[in-house]
Structure formats: C-alpha cells, structure tokens
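For reference, the structure discussed in these notes is given below.
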Amino acid sequence: MAKVELKGISKVYEGQVRAVDNANIVVEDKEFVVLVGPSGCGKSTTLRMVAGLEDISEGELYIDGELMNDVPPKDRNIAMVFQNYALYPHMTVYDNMAFGLRIKKVEKSEIDRRVKDAARILDIENFLERKPKALSGGQRQRVAVGRAIVRNPKVFLFDEPLSNLDAKLRVQMRAELSDLHLRLNATMIYVTHDQVEAMTMANKIVVMKDGKIQQIGSPLFLYNHPVNKFVAGFIGSPPMNFLSVKIVEKGGAVVLEEGTFEIKPAPEHVEYLKKYIGKEVFFGIRPEDLVFTGKPAAENNIPVEISVVEPLGADIHLWLKTKTQPLVARTEPHHNFKVGDTVNFTPHLDKARYFDKETELSILAELDAAAK
C-alpha cells in the first residue's frame, strides 16, 4: 500500500509568508493525483514537503500510515522527476539510471535487470550508451522517469516534468505517463500549471490558489460542479465565460437581466436564485455550451458582435462581445463567421453556473453536493 496523507500541512517562510496554508489531501494507493494552479499557488512547495526537500511548518505527513515529518528524503521511499531532468551530463543513460542503485549498493546483476526493464518499458533500450547531450528533450525526460522507476519507490512525484517540451511532444508524453501509471499500478503525485494535463491524466485533481486548496475531485466533477468562480475559470479550455447579470422577478418568474438580453434560468436552478432577487451575480457558461442559432431565438437569445475568429480545424473559437461584456464561443467550423458580424447564441441553461459577486462561491453548491 502507498497511501499518502497530508493533514493540516502548512509552509510558513520568514515574515509569516504562508506558501501553503492548511492543506488536507489524501492520495489513495495507486491513485494519480494532480496538483494544479497558477504560478506561486503553493503546488510545488506542497510536493517538495512530501519529498522531504522542504521542512513542514505545521501539520503531519503520513506515507503508508507512518509519520514522515522528520524522516530524511532518502528514507521516504519516494522518487521525484524534476522539470529540468537533473541528469548527469558526463554519464551514459545506463549510468544515470543505475546511479541511485549503486549508491545503495544494490547487486550489479539486479541493477542491470532493473535498468534494462525500465528501458524496455520506456522504449529507450537503444540509447543506454548515449550521454544526455545526444538525446532529445523527450528522450531525456524518459531517462529521468526511468531513473525513478528502477528504484521501485512507493510514491512517484512529478514536478512539472513536461513544461520544457514542445506542444506536440507534451501531448505524446501525457499519454505515455498515463499508460505508465496503469502499467506500474503506482501511486503518483503530479504538479502542473496546465489544466489540460490535469484533466487528461488525473484520477483526482487538487486545485490550489494563494497557498490554499480550492477544491478536490475527479476531473469531470470539477469541470461540471466548480465550487467557486476561480475553479470554474481555471478548469476548461477556453475558460468559462462570466457575465454580470441581475436577478429579477417578472410576472412571477425569475429572470436574468444583462442589459441587452434576458434569460430564464433552468427550472432546477430557480429555487437557488430566488434569494438573490434584486442582486447582481456572475452567470457562468462554458464556450461549448453556447449554441449558434443563426436567427434570433424566441427565448434566451444572446445577441453578440464577433471580435475575433480563430479557426482550429475541428472547431472554431469565436471571441464575442455584448454591448459591455466579452464572451467566447466554441462552435462548428462550417459556418462563415466574419469579424464585425452580429450573431445569435442560446445557452444550455442546465449547464450554467452562478456565483455570488462578493464571495465568488457557487450559488448552486447545495445542488452540486448532491451530485457527488
């Protein structure tokens, strides 16, 4: 078993700067957990505390039920893969992968078996006698992963391992790491600022901001049921649209007023919006949940002007604006959209989210909790 538990973990630097504040995370055995958030949110610091590379200021860290706060990194039975690969340039690939085992005085035959097994898994058997300078970025990253694999650790830690690779190679390596997780049946904790990596690789995502955990859940749960405006805007590409609207009552019905259009919310959302009558809230709708209608719809029509057209082959991203607020729509490529045109969209209102303007918390939190 390789369960990792962070109980009230904090990292406080001089001047009472809290890089991580009261983090509570459970990584189950064989789970692939991704810590995601913008630069400076505390995700790498959290990972380094698990590794033992940063002291824990407050809280407790357990691996397999054993308290690890004061255990040296070398005795935690973890392996870490860094952003910059951290390979020895004067050593061959074989020697880089074998180095940690030699330090531990593992038998030569066992070292050879582990290195060759890892090389076969990662498809780098033909590079074992090369030095890192003769390898591409993707090959170097495989060597760094291989060096971790040969140690047979309880937990793999990855600190933004794909950020130095080009876009095409990042996509390929994402798939390879996901496949590797399944083949090794290992516990993995992965740090990234790229929400696409988080969505495609994780069993569970931990979203962080300013040292605090915002939400923990499966990728699709976070996507469909964000707990606040930050999570809603961070998860998803392009990000969720947020329009400032006023909740009013007309003829006994709850209506959203934007200024240039009106929307009647989905029936299942009405009860939660009633207490906001007379107030402004954020109306959140994802770009793919805006439907191009051509002619104005009889109800819930959003008229917008096209600012930018981004053709992406399989679909088109349209940058739009109402009279005062911007929007992004994701739609099919066969429409002849032109900058400056006024077009009409209707939202999938069952997919809409609403956020309190002051707290930025989800107004539908109670409904979302029931969906777990």
Side-chain angles (χ1 to χ4, degrees), residues 1-11 20-37 41-54 56 58-69 71 73 75-81 121 145 148-149 151-162 174-192 194-209 212-227 231 234-235 368-372:
M1 294 289 287
K3 183 177 181 179
V4 180
E5 297 175 273
L6 286 72
K7 296 185 177 182
I9 294 290
S10 296
K11 179 63 182 180
V20 179
D21 189 11
N22 193 33
N24 290 281
I25 305 169
V26 176
V27 182
E28 299 291 351
D29 182 41
K30 302 173 186 175
E31 199 168 36
F32 196 133
V33 171
V34 177
L35 310 184
V36 68
C41 72
K43 55 190 184 296
S44 288
T45 303
T46 301
L47 193 77
R48 290 173 65 84
M49 285 192 286
V50 175
L53 302 177
E54 291 276 1
I56 296 171
E58 299 167 4
E60 297 176 332
L61 169 69
Y62 294 88
I63 298 179
D64 278 357
E66 184 181 346
L67 183 64
M68 288 284 159
N69 288 45
V71 176
D75 298 326
R76 295 191 180 195
N77 199 8
I78 55 92
M80 192 160 180
V81 179
I121 289 170
V145 173
I149 290 174
R151 295 180 56 191
N152 293 332
K154 286 184 177 179
V155 183
F156 288 85
L157 307 177
F158 295 88
D159 190 6
E160 305 216 32
L162 309 185
R174 280 205 316 257
E176 290 184 10
L177 286 175
S178 295
D179 180 60
L180 183 66
H181 171 246
L182 294 174
R183 291 165 71 179
L184 296 178
N185 223 3
T187 301
M188 295 184 174
I189 307 175
Y190 187 104
V191 160
T192 182
D194 185 341
Q195 57 89 23
V196 175
E197 281 184 25
M199 289 289 291
T200 54
M201 298 172 71
N203 303 133
K204 184 162 69 185
I205 294 175
V206 179
V207 182
M208 299 185 70
K209 178 191 177 188
K212 294 180 182 291
I213 293 174
Q214 302 296 303
Q215 190 172 5
I216 300 176
S218 69
L220 285 180
F221 187 83
L222 265 59
Y223 184 81
N224 291 316
H225 308 285
V227 72
V231 175
F234 194 84
I235 299 293
D368 290 339
K372 281 189 176 181

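Hydrogens, waters and symmetry mates play no part in the numbers below; they use all other heavy atoms, side chains included. Numbers here simply count residues along the sequence, with the first being 1.
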Checklist entry - When rounded to the nearest 0.5 angstrom, what is the spacing between CG in L222 and CD in Q195? => result 11.0 Å
Item to check | Side-chain donor or acceptor of K204 paired with backbone N/O of V26 under 3.5 Å | outcome: yes
Checklist entry - Is any side-chain heavy atom of L157 closer than 4.5 Å to a side-chain heavy atom of V50? => result yes
Checklist entry - Counting N and O atoms only, with roles assigned by atom type, does the side chain of N203 sit under 3.5 Å from a partner on the main chain of F32, one being a donor and the other an acceptor? => result yes
Checklist entry - Any side-chain heavy atom of V207 within less than 4.5 Å of one from I213? => result no
Checklist entry - What distance do N77 atom CG and E66 atom CD have between them, rounded to the nearest 0.5 Å? => result 10.5 Å
Item to check | Reported CG-to-NE2 distance for the pair D368 and H225, which is rounded to 0.5 angstrom | outcome: 5.5 Å
Checklist entry - So, do R76 and L61 sit near enough that their side-chain heavy atoms are less than 4.5 Å apart? => result yes
Item to check | Evaluation steps, side-chain contact (heavy atoms from CB on, under 4.5 Å), between M80 and L47 | outcome: CA-CA 9 Å; M80 192 160 180; L47 193 77; 3.6 Å; yes
Checklist entry - Is the closest side-chain donor-acceptor distance between Y190 and E197 under 3.5 Å? => result yes
Checklist entry - Can any side-chain N or O of K7 pair as donor or acceptor with the backbone N or O of G59 at less than 3.5 Å? => result no
Checklist entry - Considering all heavy atoms of both residues, which atom of G42 and which atom of V20 are nearest to each other, and what is their separation? => result O-CG2, 3.4 Å
Next on the checklist: Checking the side chain of R174 only, and the main-chain atoms of M201 only, is there a donor and an acceptor separated by less than 3.5 Å?
Outcome noted: no
Item to check | Exercise: do S44 and D159 side chains pair donor with acceptor under 3.5 Å | outcome: yes
Checklist entry - Does any non-hydrogen side-chain atom of K11 lie less than 4.5 Å from one of I56? => result no
Item to check | Backbone of N22 reached by a side-chain donor or acceptor of S10 within 3.5 Å | outcome: yes
Next on the checklist: Under a 3.5 Å distance rule, please check whether E54 uses its side chain to pair with a backbone N or O of T45 as donor and acceptor.
Outcome noted: no
Checklist outcome for this item: Across all chains, not counting sequence neighbours, the ring-ring contact (aromatic ring centres under 6.0 Å, His included) partners of F156 are none
Next on the checklist: Run V27 and T187 through side-chain contact (heavy atoms from CB on, under 4.5 Å) and show every step you take.
Outcome noted: CA-CA 8 Å; V27 182; T187 301; 3.7 Å; yes
Item to check | Short N-O contact, D29 and K3, less than 4.0 angstrom | outcome: no
Checklist entry - Looking only at heavy atoms, what is the nearest atom pair of K30 and N185, with distance? => result CG-O, 3.3 Å
Next on the checklist: If you apply the rule side-chain contact (heavy atoms from CB on, under 4.5 Å), what do you find for F158 with L177, and how did you get there?
Outcome noted: CA-CA 10 Å; F158 295 88; L177 286 175; 4.1 Å; yes
Item to check | Salt bridge present between D64 and K154 (N-O < 4.0 angstrom) | outcome: yes
Item to check | E160 (side chain) donor-acceptor with D194 (main chain) under 3.5 angstrom | outcome: no
Checklist entry - Under 3.5 Å, is there a donor-acceptor pair between the side chain of H181 and the main chain of A186? => result yes
Item to check | Any I205 side-chain heavy atom under 4.5 Å of I216 side chain | outcome: no
Next on the checklist: Are the side chains of M208 and Q214 in contact, using a 4.5 Å heavy-atom criterion?
Outcome noted: no
Next on the checklist: Is there a side-chain contact between I9 and T46 in this structure, where contact means two heavy atoms from C-beta onward sitting under 4.5 Å apart?
Outcome noted: no
Next on the checklist: Are the side chains of V36 and V191 in contact, using a 4.5 Å heavy-atom criterion?
Outcome noted: no
Checklist outcome for this item: When every non-hydrogen atom of S178 is compared with those of T200, the smallest separation belongs to OG-O, 4.2 Å
Item to check | Donor-acceptor contact present, side-chain N224 to main-chain L220, <3.5 Å | outcome: yes
Checklist outcome for this item: Correct closest heavy-atom pair for P153 and A148 would be CD-O, 3.4 Å
Next on the checklist: Apply side-chain contact (heavy atoms from CB on, under 4.5 Å) to residues I25 and E5 and explain how you reach the verdict.
Outcome noted: CA-CA 6 Å; I25 305 169; E5 297 175 273; over 6 Å; no
